[in-house]
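All remarks here apply to the structure that follows.
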Amino acid sequence: MNAPVNPKKLIKGATADWEVVIGLEIHAQVNTEAKLFSGASTRFGSEPNANVSLVDAAMPGMLPVINEECVRQAIRTGLGLKAEINHRSVFDRKNYFYPDLPQGYQISQYQHPIVGEGEVIVDVPGYSEPIIVRIERLHLEQDAGKSIHDQDPRLSFVDLNRSGVALMEIVSKPDIRSSEEAKAYVTKLRTILRYLGTCDGDMEKGNLRADVNVSVRKPGDPLGTRCEIKNVNSVRFIGQAIEVEARRQIGIIEDGGTIDQETRLYDPGKGETRSMRSKEEAHDYRYFPDPDLLPLEFDGAYVKALADALPELPDAKKARFINQYGLSAYDASVLSAERESADFFEEAAKGRDGKQTANWVINELFGRLNKEGRDITASPVSAAQIGSIVDLIGSGAISGKIAKDLFEIVWTEGGDPAAIVEARGMKQVTDTGAIEKAVDEIIAANPDKVEQAKAKPSMLGWFVGQVMKASGGKANPGTVNGMLKAKLGIDG
Amino acid sequence: MSVDQTTVRRIARLARIAVTEAEVPHLQGELNAILGFVEQLNEVDVAGVEPMTSVTPMLMKKRQDVVTDGDDAERILKNAPASEAGYFVVPKVVE
């Protein structure tokens with residue numbers, strides 16, 4: 001894409017400003033019980049080689065049979081990326097040797113992937129407009145096994161539990177221009193996959209990982225030579241790897257050197273990328289159609305049925321939250337980032353003020369959950385309880401300050417918020433007689449401050465505080481404010 | 001189309017087949033004979049003809065998403081030259 005270059009995204013080198021060009025290949029494990037071409041389990045954390053069939057171990061004579069659920073999930077993901085779905089696709093063999101690849105080839109899709117071009121709309125922090133990252137393709141392929149190198153100085157240990165697990169490789173076009181954009185793109189893609197339920201997005205377990213292609217150029221120049229950073233497994237590391245790699249490339253070019261196209265590895269401990277494979281060993285994969293597998297074909301009706309049953313996706317949900325509940329774009333983004341958060345909010349907001357509910361869910365509940373490192377699904381406060389607190393504030397039964405105390409009680413002890421307010425005498429005092437008495441007492445006890453307040457109206461705050469304190473926080477702050485102004489002779 | 005001796009060595013290395021220098025000229029001859037034979041197919045006009053994938057029209061066979069296999073590491077490791085604690089053990093490979 002040759003959009004005008006935003007100078008803020010450029011990296012300052014010693015001799016010039018540089019533009020970073022990034023494309024991402026995301027490997028997302030398909031959410032299934034069994035593997036792509038065998039009946040072995042995909043369960044995480046099993047004993048070594050427990051989830052392995054003779055197909056996954058590539059014993060002679062074994063034949064792959066595709067898991068229909070993987071096909072379904074790949075199509076649904078394609079639909080979620082607004083991508084073109086190819087009714088006929090082909091599985092190919094990608095040939096290379098490695099001990100955790102028992103077949104000697106990976107079954108993948110090369111020239112005819114199941115999903116073609118699509119796009120993802122990405123909100124980037126600090127940007128007024130979202131960016132669009134175009135998707136080049138999505139294809140299905142097998143994962144490899146896992147090698148462990150630290151058990152013995154001379155030996156590697158191989159576990160084939162992952163061997164043959166279905167992956168969706170989602171390839172973006174080189175539309176990304178900064179580490180911030182890359183991080184936002186991966187986060188958004190993960191959200192879409194989780195909404196669809198096609199991948200759980202668990203990066204710690206390696207269920208979502210990225211190969212990051214980075215090159216640099218002077219704005220307006222043709223694309224520079226790219227390096228591919230393999231297997232980065234957190235959003236934060238993706239950002240760091242891009243920063244480090246861009247600076248490495250800029251340094252080389254500014255010193256008069258050239259970039260070698262190569263595969264590199266990001267080492268988060270050292271904060272550097274280093275070469276993985278030398279150019280001499282550059283892979284020649286010799287792709288050819290897998291003779292064990294017919295082309296994958298399905299009709300439009302199959303795709304339409306899947307499209308009709310798709311859940312509401314993040315972009316649509318965000319737009320609906322803005323329209324239906326009058327939320328700000330920011331609040332709507334926060335609430336729609338996870339399906340569970342969005343569902344929680346909607347349940348809490350049912351029949352009451354959406355904006356007020358959103359404030360409570362985001363500021364109080366999410367704040368508290370974050371502090372304790374808990375997930376919304378493990379919230380001790382239910383949507384109904386939040387709704388009830390919002391109602392109590394709305395009806396004027398409790399003040400905003402008391403509401404925070406109430407939230408604390410509901411968080412630690414549970415219970416019906418309305419009943420707690422009754423039982424513990426937390427109701428806001430709106431009885432003007434009682435408030436007036438408290439106001440008069442404070443004024444009578446502080447004649448010097450009353451004098452000061454006449455010259456300095458900002459003293460009002462001090463009086464409001466005293467009255468609130470005397471009422472145990474239960475006086476209606478608006479009433480207190482008005483009454484004090486009148487009695488102290490402060491205008492406005 | 002024909003292959004030179006460098007290509008023969010490269011193909012052998014990619015396939016992890018040990019080929020001695022003495023074997024290269026012979027293999028070059030064999031490969032070029034095969035390529036010559038295949039080349040005859042280029043004389044056939046196949047414009048607009050889809051590559052045939054099966055003799056009778058049929059759809060790819062599919063399986064349900066059900067776990068039907070596994071839980072037998074012992075059987076999987078039976079033919080391994082070396083294994084330990086449920087793992088295949090191979091000479092160290094580090095990138």
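What's counted below: heavy atoms across the whole structure, side chains too, no hydrogens, waters or symmetry copies. Everything quoted here is computed from the prediction, not taken from an experiment.
Residue A/Tyr287 places its OH atom among more than 12 non-hydrogen atoms of other residues, nucleotides or ligands, all under 6.0 Å distant. Heavy atoms from other residues, nucleotides or ligands lying under 6.0 Å from CZ of A/Arg226 number 12 at most.
For A/Pro295, the parts sitting under 4.5 Å from any heavy atom of chain B are the backbone and the side chain alike. At a 4.5 Å heavy-atom cutoff, A/Glu47 makes no contact with chain B through either its backbone or its side chain. Neither the backbone nor the side chain of B/Ala82 has a heavy atom closer than 4.5 Å to any heavy atom of chain A. Heavy atoms of A/Arg286 lying under 4.5 Å from chain B belong exclusively to its side chain. No part of A/Pro289 comes within reach of chain B, as not one of its non-hydrogen atoms sits under 4.5 angstrom from that chain. Only the side chain of A/Ile148 comes within contact range of chain B, with heavy atoms under 4.5 Å apart. With a 4.5 angstrom heavy-atom cutoff, B/Asp71 touches chain A via backbone and side-chain atoms both. Within the 4.5 angstrom heavy-atom criterion, only backbone atoms of A/Phe37 (N, CA, C, O) approach chain B. Proximity to chain B is limited to the side chain of A/Arg88, based on heavy atoms less than 4.5 angstrom apart. Contacts of B/Glu74 with chain A are absent, with no heavy-atom separation under 4.5 Å from either backbone or side chain. Heavy atoms of B/Val89 lying under 4.5 Å from chain A belong to its backbone as well as its side chain. Heavy atoms closer than 4.5 Å to chain B are found in the side chain of A/Phe91, but not in its backbone.
A distance-only check finds a donor-acceptor pair linking the side chain of B/Lys92 to the backbone of A/Asp152 [under 3.5 Å]. Proximity of a side-chain donor or acceptor of A/Ser156 to a complementary backbone N or O of B/Val93 within less than 3.5 Å is detected.
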task = Begin from the C-alpha positions of B/Tyr87 and A/Val158 and carry the test side chain to side chain contact (heavy atoms under 4.5 Å, CB included) through to its verdict.
result = CA-CA 5 Å; B/Tyr87 292 94; A/Val158 180; 5.9 Å; no

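Taking 4.0 Å as the cut-off between side-chain N and carboxylate O, B/Arg10 and A/Asp284 count as a salt-bridged pair.
Counting heavy atoms from C-beta outward, B/Lys62 and A/Val65 have side chains that stay 4.5 Å or more apart. Taking the side chain as every heavy atom from C-beta outward, B/Val90 and A/Leu155 never approach each other to under 4.5 Å. The closest side-chain heavy-atom distance from B/Leu77 to A/Asn49 is below 4.5 Å. The side-chain heavy atoms of B/Asp65 and A/Glu68, taken from C-beta on, include no pair separated by under 4.5 Å. When side chains are defined from C-beta on, A/Ile66 does not count as touching B/Arg63, because their heavy atoms never get closer than 4.5 Å. No side-chain heavy atom of B/Lys61 sits under 4.5 Å from any side-chain heavy atom of A/Leu294.
A/Pro48 and B/Ala85 get closest at one heavy-atom pair: CG-O, 3.5 Å. The two residues B/Asp69 and A/Ser53 have their closest heavy-atom pair at OD2-CB, 3.1 Å.
If you take OH on A/Tyr96 and CG on B/Leu14, they are separated by 14.0 Å, rounding to the nearest 0.5 Å. Interatomic distance, CG of A/Leu54 versus CG of B/Asp72, reported as 8.5 Å (0.5 Å rounding). Between the CZ atom in B/Phe88 and the CG atom in A/Asp159 there is a gap of 9.5 Å [rounded to 0.5 Å].
Per-residue counts of heavy-atom pairs under 4.5 Å with chain A were compared for B/Met60, B/Gln64, B/Met58, B/Arg75; the largest is that of B/Met60. Among the candidates B/Thr68, B/Leu59, B/Ile76, the residue making the largest number of heavy-atom pairs closer than 4.5 Å to chain A is B/Ile76.
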